[in-house]
Amino acid sequence: MSDWLTPGLAHLWLPYTQMQTAAPPLPVVASAGVRLRLADGRELIDGISSWWTACHGYSHPHIRAAIEAQLATLPHVMFAGLVHAPAARLAQRLAALLPGDLERVFFTESGSVAVEVALKMAIQYWRNKGQPEKQRIVYFRHAYHGDTFATMALCDPEEGMHTLFAGTMPDQIMAELPTDENLRRAFDLLLETQGGRLAAVIIEPLVQGAGGMQMHDAATLACVAAACARHGVLLIADEIMTGFGRTGRMFACEEAEVTPDIVCLSKALTGGTLPLAATVARRHVFEAFLSDDPAAALMHGPTYMANPLACAAANASLDLFASEPRLTQVAAIEAQLREQLAPCRDIPGVAAVRVKGAIGAVELGGPVDLGALRRRCIELGVWLRPFGNLLYLMPPFVIESGDLATLTAAVRQVLDERARQH
Ligand SMILES: *Cc1c(COP(=O)(O)O)cnc(C)c1O
């Protein structure tokens, strides 16, 4: 059946996985629409879009055709001193879609690196402007911005990996999201007193993803943006998870009518097909790097930056946002998630239910047996991956209501079963 599995598994090291005790991974052989097919022929409905990327479902013919056409002419070429149409078109389209004068696009290959580039931009921006002491970054409780060293330092210190790597990461400043009047004053005071050494504030707008699907409203986001503007601190919006429709608008920042100085994009950028990320800067950020001095240039350049296949896939993904009713589908998913996850509030052991756009999260109280939850989901024919104390849904936007009902029913059932066992 899958003769590669056992011999290959002996040499694989899986992410966030205790390799001694974790259940073995499932061999997957094909994907189409919202379904994953396993080696034994079983099919699972994917409720989490392959780490939130596959917004158009799997194997969309339009994206496949675009990648195949690109493969035939220019699969890859270095991006220093050379440019190509897929990247040029994509940059122009992202600039047109993003708010305000967010118009300069720097391509990389992963979300963490897109955030690293945003940090370099912010710190060097102030150096180029003659304020080299503005270097520190403010992030928020429950934040997640990536797994590399600079980005780990911006993740929630309790949920993140700070203790494992204590002493090896840059020391940044954690703040509370200014969700009420007192917190607003405290946040403003922080920027007022520390502003002279702050390069930027980084935020996941409206929904903090890997830190536990915590949600805040547009007024909170607008308040953060206003405080940054008041105190001369750049605002970096990490829209790696929220970008491309997930919260109901094309970009979450739109809901608060905020134009950040720098935006990070990845995850759904290529519709879940190829790795690509982008760091997009406003005009004034870019202009701070224009100089007679070669050392004032942005010093970054990944080998595979702006890979043409990935850029072609991203262009095809943007075509689909224009030609198919993605945001309408997200609104329908939001309504169905609200209705069908609401009963979870009455299940013992459920601490909270949160819905925003095509994101539905159920937070659990008490100890959570993740292994048991994951096993039961697979038995029920759905692919979910609860983490921490959270069971969540982030389906592809093309999911039909019957399949979404199967996902929400599975969530209710595994939680009911868990309540009965306690
Ligand atoms: C996933 C994610 C990242 C990291 O992206 P990678 O491609 O995994 O490096 C950063 N920020 C947010 C908000 C994310 O959801």
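Note that ligands are numbered from 1 as they come in the structure, with each ligand's atoms numbered from 1 the same way. Not measured: the values here are computed from a predicted model.
- With a heavy-atom cut-off of 4.0 Å, His145 touches ligand 1 through its backbone alone.
- Protein heavy atom closest to atom 5 (O) of ligand 1, with residue, atom name and distance, is Gly111 CA, 3.2 Å.
- Interface atoms of ligand 1 facing Trp52, defined by a heavy-atom separation under 4.0 Å, are 15 (O).
- The protein non-hydrogen atom at the shortest distance from atom 2 (C) of ligand 1 is Lys267 NZ, 2.6 Å.
- Using cut-offs of 30° and 60° on the angle between ring planes, the pair Tyr392 and Phe387 is perpendicular.
- The closest heavy-atom contact to atom 11 (N) of ligand 1, among the options Leu276, Asp238, Leu154, comes from Asp238.
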ring-ring contact (aromatic ring centres under 6.0 Å, His included) between Phe187 and Phe140, worked out: CA-CA 11 Å; Phe187 184 68; Phe140 294 102; 5.6 Å; yes

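- Counting heavy atoms under 4.0 Å from ligand 1, residue Trp51 does not touch it at all.
- Regarding atom 3 (C) of ligand 1, its nearest protein heavy-atom neighbour is Tyr144 CE2, 3.6 Å.
- Remark: ligand 1 atoms within the under-4.0 Å shell around heavy atoms of Ser112 are 4 (C), 5 (O), 6 (P), 9 (O).
- No salt bridge links Glu103 with Arg282; every basic N to acidic carboxylate O contact stays at or beyond 4.0 Å.
- For the pair Arg326 and Phe397, the cation does not sit on the ring face, since its NZ or CZ is not both under 6.0 Å from the ring centre and inside 45° of the axis.
- With respect to Asp369 and Arg418, no salt bridge is recorded, no charged nitrogen being found less than 4.0 Å from a carboxylate O.
- A salt bridge links Glu334 and Arg338; the closest N-O separation between the charged side-chain nitrogens and carboxylate oxygens is under 4.0 Å.
- Note: Tyr16 and Trp51 have perpendicular aromatic rings, judged against thresholds of 30 and 60 degrees for the angle between ring planes.
- Set against the non-hydrogen atoms of Met241, the atoms of ligand 1 under 4.0 Å away are 15 (O).
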